[in-house]
Amino acid sequence: MADDKKLTTRAEDFSAWYNELVLRSELADYSPVKGSMVIRPNGYGIWERMQRALDDMFKATGHQNAYFPLFIPESFLHKEAEHVEGFAPECAVVTHGGGKKLEEPLVVRPTSETIIYHMYAKWVQSYRDLPILINQWANVVRWEMRTRLFLRTLEFLWQEGHTAHATHDEAEEETLKILGVYRTFAEQWMAMPVITGLKTNSEKFAGALRTYCIEAMMQDNKALQAGTSHNLGQNFAKAFELQFQDENGQMAHAWNTSWGVSTRLIGGLVMTHGDDIGLRVPPRLAPIEIVIVPIWKNDDEKARLTEAALRVKAELVEWTGRGATDRLRVHVDLRDGMRSGAKYYEWELRGVPLRFELGPKDLEKQAVFAARRDTRAKQSLPMDGLPAAAAALLETIQQDMFRAAVERREANSVRGIPSYDAFKALMDGAGGFVYAGWCGSDACEAKVKEETKATIRCIPDAEFRSAEAPATCLRCGAPSQAEAVWAKAY
RNA sequence: CGGGGCGUAGCUUAGCCCGGUAGAGCGCCUGCUUCGGGAGCAGGAGGUCGGAGGUUCAAAUCCUCUCGCCCCGACCA
C-alpha cells in the first residue's frame with residue numbers, strides 16, 4: 001500500500017500528523033509508562049545541538065553550569081505560598097526508600113527554585129558574593145493529566161537558570177537579557193519567529209513577580225510557549241532566608257531570576273517546520289546537514305561511486321571555511337539492498353536539509369545533484385568549490401526557513417479585530433494571533449478562556465505592538481489597559 | 001476524574017452481528033534478478049486473539065469482571 005508510506009496530512013488531522021511524524025522520523029517513542037517517552041537518537045541529536053548553542057550563549061553571558069539533586073524535601077515546596085499552590089498538584093512524591101517509609105517524603109523536582117535558593121542562602125553572606133549566575137541541565141517531573149510527545153510529558157529535559165542579585169534592577173536586567181538570548185536562539189537557530197512579552201497574572205510562574213516569555217505560532221495557528229524568564233523578586237529569598245549584608249552593613253534579601261527552555265522546543269520545531277512529507281530541520285540544528293546518496297547499477301559502479309561519495313564527504317568535512325570547529329556535518333548512505341528512491345523518502349522524512357545524489361552521470365560531469373529539503377528544489381553543483389557552495393546553500397536554507405515561518409505567522413495574525421463576535425468566530429475556525437485590547441481584569445481574561453478557549457499569550461513588547469494601540473477591551477469594551485496577544489495555546 | 005472509542009504477528013488490520021479452533025498488507029530472514037524517486041519473483045520465520053472467570057461438545061466471536069491505550073472535557077513548560 002503506497003498510502004501506508006504517507007503521513008496523515010496536516011490538513012486532514014494536525015494532531016495525528018504530529019504524532020505520526022514524531023514516531024516515524026524516530027525522534028521519539030512511547031515508553032511503557034503512560035505519559036513518558038524515549039527520546040531516540042534522531043531527536044536527541046537535535047537536542048544536543050540545541051544544548052550546545054544555548055550553553056555557549058549562557059557561558060558568553062557569564063553563567064556557569066552546576067547540578068542540583070533530583071530529590072527535594074517536601075517541606076521546601078511549602079515555604080513559598082504561591083509556589084506550592086502551583087506545583088503541589090503535579091508533583092511525584094517518594095514516600096519509601098531502602099525498604100522503609102521515609103520520615104519526610106521527597107518530592108521529585110518539578111523545578112528547582114526551592115533547593116537552589118536554599119543552597120544559595122548558605123553560600124551568600126555579603127554583597128560581594130553576588131551575583132550568582134548558575135544554570136543546570138536536568139530532567140524534571142510534572143504529573144500531567146494529558147500528555148503529548150515532546151509537548152507535555154511526565155518527565156522532560158530542560159535547562160533552568162537561577163540567579164541571585166543585589167538589586168531589583170539587576171535581576172530585571174538579567175531576566176530580560178535571557179529573554180533576549182531565547183529570542184536569538186529561536187530565531188537564528190530554530191528559524192522559529194517568536195513574540196516576546198510579559199505574562200499576565202494568571203499565566204505567570206507560581207512564585208514569580210513577573211514572567212516574560214517567547215511565544216511561537218505553530219502551523220495549526222495555536223501558540224506554543226517556547227521559553228520563559230522569570231523575575232522572582234524577593235519571594236524565594238524571603239522564604240529561604242537568602243540574605244546578604246550590603247555596602248552599608250544592612251541586611252537585605254537577594255533578588256532572584258529563573259529561566260528555562262525544554263525539550264518541548266523539539267515539538268515546536270516539528271510544528272513550525274514539518275510538512276506533509278516529514279520533518280524539516282533547520283541546518284544549524286541538524287545533526288546531519290548533508291546526506292550523500294550514491295547511485296549504482298552493478299558491482300563495478302558500486303565500488304566507484306562508494307569511493308567517490310566518501311571522497312566528496314572527506315572534502316566537505318575537511319573544509320574549514322566555516323571555522324575549524326564548525327565542520328560540515330555529512331553522512332554517506334551506503335546501505336545496500338535499498339533503492340535510492342527509498343533512501344530519498346527516508347531522509348526527507350527525517351528532515352535532513354540537503355541531499356546530494358551522486359550517480360555515474362554526476363561523476364562524469366564532476367558534479368553532485370543537490371536537493372533542498374525545505375523547497376524541494378534541485379540543482380547540479382560542480383565538485384569544484386563544492387564545500388563553499390554547500391555551506392552557502394545551507395545558510396540560504398536557514399534564512400529561507402525563517403522567512404517562510406515569519407510570513408506564515410504574519411498571515412495568521414490579526415490586528416484591529418472588529419468585535420468580540422468576530423473574535424469568537426475566528427477562534428472557532430482558523431485561529432491565529434489576535435492583537436487586541438485588554439481591560440486588565442483577571443475575570444475578563446478568564447471569561448474569554450471559558451468562551452473561546454483562547455488566552456492572553458502575552459502583553460507583547462513594544463516592537464510587536466500595533467501602530468495604533470487598541471482603545472477598548474476585546475471582551476468587555478472597557479478602556480484598554482494594555483494590548484494583548486490572544487490565541488489558543490498548547 | 002466524567003463522556004466516547006479501541007485492544008488479533010514488529011506495524012496497519014480482516015474475521016466478531018450469525019461460536020466450529022486465525023487470514024491479509026507492510027515490515028523481517030534467505031536466494032536470484034534489480035538499482036537516477038517508496039523494486040520484482042520464489043521460499044521462510046513470526047500470533048497462549050490484552051488478562052481473568054463464566055456459558056458451551058466447542059469461544060477471537062456470547063456474558064461478567066479487570067488491565068491498558070487513544071480521542072474529547074477540568075490542569076499545564
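Below, chain A is the first sequence line, B the second, and so on; all start at residue 1.
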Legend entry - Proximity to the side chain of A:Lys453 - top-ranked nucleotide from B:G73, B:A77, B:C35: B:G73

Legend entry - Candidate pair A:Tyr117 and A:His162, rule ring pair (Phe, Tyr, Trp, His ring centres under 6.0 Å), full reasoning: CA-CA 8 Å; A:Tyr117 300 129; A:His162 294 272; 5.5 Å; yes

Inset, instruction - Please evaluate the base of B:G37 for a donor-acceptor partner in the side chain of A:Glu346 within a cut-off of under 3.5 Å? - result: no

Inset, instruction - Take atom C1' in B:G38 and the same atom in B:G27, then report the distance between them in whole Å. - result: 13 Å

Legend entry - Pair assignment for B:A42, Watson-Crick or G-U wobble, requiring both distances under 3.5 Å: B:U30

Legend entry - Interatomic distance at P, B:U13 relative to B:U55, whole Å: 34 Å

Legend entry - C1' spacing across the pair B:C32 / B:G20, given as an integer number of angstrom: 42 Å

Inset, instruction - Would you confirm whether the ring centroid of A:Phe236 sits within less than 6.0 angstrom of the ring centroid of A:His83? - result: yes

Legend entry - B:G37 base / A:Lys378 side chain donor-acceptor hit below 3.5 Å: yes

Inset, instruction - Name the nucleic acid region contacted by A:Arg335, choosing base, sugar-phosphate or nothing; use a 4.0 angstrom heavy-atom cut-off, strictly under. - result: nothing

Legend entry - Most 5' of A:Ser15 and A:Gln225 on RNA chain B, judged by nearest nucleotide: A:Ser15

Legend entry - B:A77 base stacked by A:Phe156 (centroids within less than 5.5 Å, tilt under 30°): yes

Inset, instruction - Could you please spell out the steps behind the side chain to side chain donor-acceptor pair (under 3.5 Å) verdict for A:Glu445 and A:Ser202? - result: CA-CA 9 Å; A:Glu445 186 188 7; A:Ser202 66; 3.1 Å; yes

Legend entry - Base-pairing assignment for B:G73 (Watson-Crick or G-U wobble, both under 3.5 Å): B:C1

Inset, instruction - Please measure how far the P atom in B:C11 lies from the corresponding atom in B:G50, and state the result in whole Å. - result: 13 Å

Inset, instruction - Verify the ring-centre separation between A:Trp259 and A:Trp158: is it less than 6.0 angstrom? - result: no

Inset, instruction - Give one of base, sugar-phosphate or nothing for A:Gly359, where a contact means two heavy atoms less than 4.0 Å apart. - result: base

Inset, instruction - Report which part of the nucleic acid A:Arg355 touches: base, sugar-phosphate, or nothing (heavy-atom distance under 4.0 Å, all strands). - result: base

Legend entry - Sugar-phosphate, base or nothing in reach of A:Thr147, heavy atoms under 4.0 Å: nothing

Inset, instruction - Taking atom P in both B:A24 and B:A14, compute the distance separating them and give it to the nearest angstrom. - result: 15 Å

Legend entry - Step-by-step side chain to side chain donor-acceptor pair (under 3.5 Å) determination, A:Glu12 to A:Thr9: CA-CA 5 Å; A:Glu12 278 171 318; A:Thr9 64; 3.1 Å; yes

Inset, instruction - Using a 4.0 Å heavy-atom cut-off across all strands, classify A:Ser340 as base, sugar-phosphate, or nothing. - result: sugar-phosphate

Inset, instruction - Tell me whether A:Tyr345 is stacked on the nucleobase of B:G38, counting only the six-membered base ring and applying the 5.5 Å and 30° thresholds. - result: yes

Legend entry - A:Arg355 NZ/CZ over A:Tyr344 ring centroid, <6.0 Å and within 45° of normal: yes

Inset, instruction - Give A:Pro360 one of three labels, base, sugar-phosphate or nothing, depending on what nucleic acid heavy atoms sit under 4.0 Å from its own. - result: base

Inset, instruction - Give none if B:G7 has no partner; otherwise give the nucleotide forming a Watson-Crick or G-U wobble pair with it, both distances under 3.5 Å. - result: B:C67

Inset, instruction - Compare the minimum distances between each of B:G36, B:C72, B:C35 and the side chain of A:Arg146, then state the nucleotide with the smallest one. - result: B:C72

Inset, instruction - Could you check which nucleotide pairs with B:G19 in any of the strands shown, counting Watson-Crick or G-U wobble with both distances under 3.5 Å? - result: none

Inset, instruction - Return the nearest nucleotide to the side chain of A:Ile295; candidates are B:G37, B:C35, B:G73. - result: B:C35

Inset, instruction - Could you check which nucleotide pairs with B:C35 in any of the strands shown, counting Watson-Crick or G-U wobble with both distances under 3.5 Å? - result: none

Inset, instruction - Rounded to the nearest angstrom, tell me the gap between atom CG in A:Leu23 and atom C1' in B:G27. - result: 16 Å

Inset, instruction - With P as the reference atom in both, quote the distance from B:G53 to B:A58 in angstrom, rounded to an integer. - result: 15 Å

Legend entry - Earlier contact from the 5' end, RNA chain B, for A:Ala489 and A:Glu357: A:Glu357

Inset, instruction - Determine the Euclidean distance between corresponding P atoms of B:G46 and B:C57; express it in Å to zero decimal places. - result: 34 Å

Inset, instruction - Choose from B:C70, B:G37, B:C35 the nucleotide whose nearest atom is closest to any side-chain atom of A:Tyr30. - result: B:C70

Inset, instruction - Indicate, with a heavy-atom threshold strictly under 4.0 Å, whether A:Lys361 touches base, sugar-phosphate, or nothing. - result: base

Legend entry - Sugar-phosphate only, base, or nothing, as touched by A:Asp362 at under 4.0 Å among non-hydrogen atoms: base

Legend entry - A:Thr306 side chain to A:Arg304 side chain, donor-acceptor N/O pair below 3.5 angstrom: no

Inset, instruction - Answer yes or no: does a side-chain N or O of A:Arg339 lie under 4.0 Å from OP1 or OP2 of B:U34? - result: no

Inset, instruction - Tell me whether the OP1 or OP2 atom of B:G38 has a side-chain N or O from A:Lys6 closer than 4.0 Å. - result: no

Inset, instruction - Look at all strands and tell whether A:Glu348 reaches a base, only sugar-phosphate, or nothing, counting heavy atoms closer than 4.0 Å. - result: base

Inset, instruction - Taking atom P in both B:U56 and B:G3, compute the distance separating them and give it to the nearest angstrom. - result: 34 Å

Inset, instruction - Would you mind classifying the nucleic acid contact of A:Leu224 as base, sugar-phosphate or nothing, using non-hydrogen atoms under 4.0 angstrom? - result: nothing

Legend entry - Options B:G73, B:G36, B:A77, nucleotide nearest the side-chain atoms of A:Arg142: B:A77

Inset, instruction - Could you label the plane-to-plane angle of the A:Tyr182 and A:Phe58 rings as parallel, tilted or perpendicular, counting under 30° as parallel and over 60° as perpendicular? - result: perpendicular

Inset, instruction - With a 3.5 angstrom cut-off on both distances, give the Watson-Crick or G-U wobble partner of B:U56, or none if there isn't one. - result: none

